[in-house]
Structures are given as structure tokens and as C-alpha cells.
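The chain is numbered in sequence order, starting from 1.
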Amino acid sequence: MSRVLIVGAGLTGSICACLLRRELPNKVNIVVWDKSRGSGGRMTTSRSPNNPSCTVDLGAQYISATPYYARIHSSFYEELLAQDILNPLVAPVEDMMSKEEGIMNYVTPHGVSSIVKHYLKESAGAEVLYDRHVTHIHRKDTCWEVCHKGGASQQFDVVVLTMPVPQILQLQGDVGSSSKDCGPSVVVHTSVPFGIQHLEEEKNVVQPIILEELEKVMPELPEPDSIKCQKWRYSQVTRAVADCPGQMTLLSQPLLVCGGDGFTHSNFDGCIESALKVFDVLKSSL
């Protein structure tokens, strides 16, 4: 039985783990590592420290399905709708512009991270570990030795890297619903130029600037119960890796594969597309 490590418990990684469990249940031992304290990646749902029922989605706010992807990824959408993980977006959104006719928008009643958690749950038996910040990957005979901060290295037959491409490039080694008593939550997104300008500054410096602008836009907004300033160093994929439709196989023996929306396009369907391409490589090799 092959031991497969998936680095990154975001959407692509969780779908890969789910597909492996469903399609190759007797061939793989699945391990998922993520450097954060929980799953989700850029599909993160945060909870108020004073009221856990008050949640806010920090990354993706809703899911948009074009007619093309609604058709070819219909099984994914149907499964999530049947499980009440996705619901059609029926409320009007001010100034929302549709880039294509026939696009369906969906929201997540239990938070956007519930999508990732669903696929991790469906990979039943997978060993999912957090606070595992991978630093080095070394080729050792016919397998990979993977090191993470503050822990002993482990060996795997196959490694799948699904974190953002800039994080892959930093690796060393042989690899180049709310309750009645709960008030509303508000997410404030800055522009991309603002984010680039202030990327290296401390959050306690940038947060007052954002709050000052927020007060201009919403002067009657009450004093918040809690504030969390989230810095997205790796946010939208502005340009995918060229000539790599969905995945990049760095080495075939032992197998080392990269995936994620950095190899397709930066949205829900891009992650599904990449996960399917990665799974095709794994299936043909295991």
C-alpha cells in the first residue's frame, strides 16, 4: 500500500484526498499536512472569540458556476447541494456584475470552510495533521523524506503539493448560521494595489488605515465586538503556470506532483479541475 502525503488542507488538497479514498481505497494510505491550525486554506471561516455562532468567511465569499463548469463538474455541485453545504444565492448583491449569462451563484450556510471539511470527512481514514509546516523534501532511495518545522521527518511514496506556488518555490531539498443573540459579521476587502503596497507592514499598522476608510463608507457602523485583520500573502492567482493544465509532475520516480489553482485559474472550479488532473496522475502511477 502506497503512502501518499498531500501538503495543504485547502480545497484542492481535500478533493484529492477524497478522490483517492473513493477510487483507490485499498491502494493508498493518505496523510494530509497543513501549516495552519485548521483546514480551509483560502476558504477559511473565522469565528468570533466571544460568540462561536458568529462567523465570517475571510477568503471566498460565494461560489460562481459558469454553465460550462456547472455541466462538467455537475457531480460536485449536486453532492454539495444535496448535503446542504451549498445553497443558491437568492438575495440581491448590490453592484454585482455577471461576466457571463447563465452563471449560478451559491453561498455556504455553514461557512465556506464547510466545503473543505466535507471532502476531508469523505476521505475517511486519512490522517489529517495541522501545524505541519513543510520545509524540506529530500529524495531517499525510492521514496521522499519530508521535513517539517519542529518535528521528525517522515517518508512517503508519493508527495502532492497543493499550497500556493510561491510557497512551493520556498521549499528546500530536492524540489525546485447565526443565532438570534448574534449580530452580523462584516468583511472588508482591500484593493489589490493596497494589499501590495502594505504587504510587508505589520497588521497593527495597516488595520487602523482600513478602519479609518471603513468609517468613511459606513459611518454608522457600531463598535465591533471583535476584529481580526487577515493578511493574504497568497491570494488571487493572476497568472497561472504556463503549459501545465492542472498539475505539474516534478518527478515520476518517486512521484512528486504539484497542484492547485496556480496551475489552472483562481476559483472553485479551478481547484476541482486541478484535483482531477492530479488524481489522474496518481491513479496511473499507483
Side-chain angles (χ1 to χ4, degrees), residues 1-36 39 41 76 116 119-120 122-130 132-149 151-176 234 237 240-265 270-286:
M1 183 173 287
S2 298
R3 194 163 187 242
V4 179
L5 172 65
I6 298 173
V7 183
L11 184 56
T12 303
S14 64
I15 294 178
C16 282
C18 175
L19 292 172
L20 284 170
R21 175 58 65 226
R22 289 177 175 177
E23 302 293 331
L24 304 174
N26 301 317
K27 290 187 176 182
V28 292
N29 185 327
I30 308 166
V31 180
V32 181
W33 284 2
D34 197 282
K35 69 182 182 68
S36 301
S39 61
F76 292 91
V116 175
Y119 288 118
L120 290 177
E122 288 297 305
S123 63
E127 183 182 17
V128 184
L129 300 171
Y130 302 107
R132 294 292 193 277
H133 188 164
V134 174
T135 57
H136 295 71
I137 298 180
H138 299 283
R139 185 176 180 180
K140 191 169 185 179
D141 299 325
T142 60
C143 62
W144 293 102
E145 183 174 61
V146 184
C147 307
H148 65 89
K149 288 183 179 180
S153 62
Q154 294 189 34
Q155 293 186 6
F156 301 90
D157 299 295
V158 176
V159 175
V160 178
L161 306 175
T162 70
M163 63 274 221
V165 172
Q167 292 183 3
I168 294 176
L169 297 176
Q170 291 171 8
L171 292 174
Q172 301 297 308
D174 300 319
V175 59
Y234 309 111
V237 175
V241 177
D243 302 320
C244 293
Q247 60 84 28
M248 178 186 289
T249 301
L250 299 183
L251 199 65
S252 57
Q253 292 294 332
L255 186 59
L256 178 62
V257 185
C258 298
D261 59 356
F263 298 90
T264 51
H265 41 92
C271 291
I272 294 178
E273 194 169 357
S274 177
L276 290 170
K277 295 293 185 182
V278 170
F279 175 71
D280 285 342
V281 173
L282 298 177
K283 188 176 181 179
S284 64
S285 303
L286 295 172

(request) Give a yes or no on whether the backbone of P25 and the side-chain of E23 come within a donor-acceptor separation of less than 3.5 Å. (result) no
(message) I need the minimum non-hydrogen distance between S274 and G246, along with the two atoms involved.
(response) OG-O, 2.6 Å
(message) Under the salt bridge (charged side-chain N to carboxylate O under 4.0 Å, His left out) definition, can you give me all pairs with a residue in residues 7-22, not counting sequence neighbours?
(response) R22-E79, R22-E122
(request) Under the side chain to side chain contact (heavy atoms under 4.5 Å, CB included) rule, what do F279 and L24 come out as? Steps first, then yes or no, please. (result) CA-CA 10 Å; F279 175 71; L24 304 174; 4.2 Å; yes
(request) Give the C-alpha distance, both sets of side-chain angles, the deciding distance and a yes or no for side chain to side chain contact (heavy atoms under 4.5 Å, CB included) between L5 and V160. (result) CA-CA 6 Å; L5 172 65; V160 178; over 6 Å; no
(request) Could you go through the side chain to side chain donor-acceptor pair (under 3.5 Å) check for S153 and Q155 one step at a time? (result) CA-CA 7 Å; S153 62; Q155 293 186 6; over 6 Å; no
(message) Measuring from atom CE of M1 to atom CG of L286, what distance do you get when rounded to the nearest 0.5 angstrom?
(response) 11.0 Å
(request) Kindly give the heavy-atom pair with the smallest separation between V165 and G262, and that separation in Å. (result) CG2-CA, 4.3 Å
(request) Mind checking the CD1-CG spacing from I15 to L276? Nearest 0.5 Å is all I need. (result) 7.5 Å
(request) Drop me the distance from Q247's CD to D280's CG, to the nearest 0.5 angstrom. (result) 8.5 Å
(message) Ignoring hydrogens, what is the shortest heavy-atom contact between P254 and C143? Give both atom names and the distance.
(response) CG-O, 3.6 Å
(request) Side-chain contact test, heavy atoms from C-beta onward, threshold under 4.5 Å: evaluate it for L171 versus M163 and give yes or no. (result) yes
(message) So Y119 and C16, do their side chains get closer than 4.5 Å, heavy atoms only?
(response) no
(request) Examine distances only and state if a side-chain atom of S123 and a backbone atom of A17 form a donor-acceptor pair shorter than 3.5 Å. (result) no
(request) Would you give the length of the straight line joining atom CG of L120 to atom OG of S14, rounded to the nearest 0.5 angstrom? (result) 5.0 Å
(message) Within this structure, what is the CG-OG1 distance for the pair D157 and T142, rounded to the nearest 0.5 Å?
(response) 7.0 Å
(message) Between Q253 and L251 (side chain of the first, backbone of the second, donor and acceptor by atom type, cut-off under 3.5 Å), is there such a pair?
(response) no
(request) Check whether any side-chain heavy atom of L255 sits under 4.5 Å from a side-chain heavy atom of V257, and report yes or no. (result) yes
(request) Indicate, with yes or no, if the rings of W144 and H138 have centres closer together than 6.0 Å. (result) no
(request) Without swapping roles, check the side chain of D261 against the backbone of G270 for a donor-acceptor pair under 3.5 Å. (result) no
(request) Assess whether side chain to side chain donor-acceptor pair (under 3.5 Å) is satisfied between E273 and H265, documenting all intermediate values. (result) CA-CA 9 Å; E273 194 169 357; H265 41 92; 3.1 Å; yes
(message) Restricting to non-hydrogen atoms, name the atom on L250 and the atom on C258 that form the minimum distance, rounded to 0.1 Å.
(response) CD1-SG, 3.5 Å
(request) State, yes or no, whether a side-chain contact exists between L282 and L20 at a heavy-atom distance under 4.5 Å. (result) yes
(message) By the definition side chain to side chain contact (heavy atoms under 4.5 Å, CB included), identify the one residue from L161, I137, D34 that meets it with V7.
(response) L161
(request) Would you indicate whether the side-chain heavy atoms of I6 and I30 approach each other to under 4.5 Å? (result) yes
(request) Would you check if the side chain of R3 reaches a backbone N or O of V31 as a donor-acceptor pair within less than 3.5 Å? (result) no
(message) Could you go through H148 and H136, starting from their C-alpha distance and side-chain angles, then the distance that decides it, and tell me whether this counts as side chain to side chain contact (heavy atoms under 4.5 Å, CB included)?
(response) CA-CA 7 Å; H148 65 89; H136 295 71; over 6 Å; no
(message) I want to check something: taking the side chain as every heavy atom from C-beta on, are W33 and V128 in contact at a cut-off of under 4.5 Å?
(response) no
(request) Check whether any side-chain heavy atom of V158 sits under 4.5 Å from a side-chain heavy atom of F156, and report yes or no. (result) no
(message) For a quick test of reading the model, state the closest non-hydrogen atom pair linking T264 to C271 and the distance between them.
(response) OG1-N, 4.4 Å
(message) Taking ring-ring contact (aromatic ring centres under 6.0 Å, His included) as the definition, give me every residue that meets it alongside H133, ordered by chain and number, with sequence neighbours left out.
(response) none
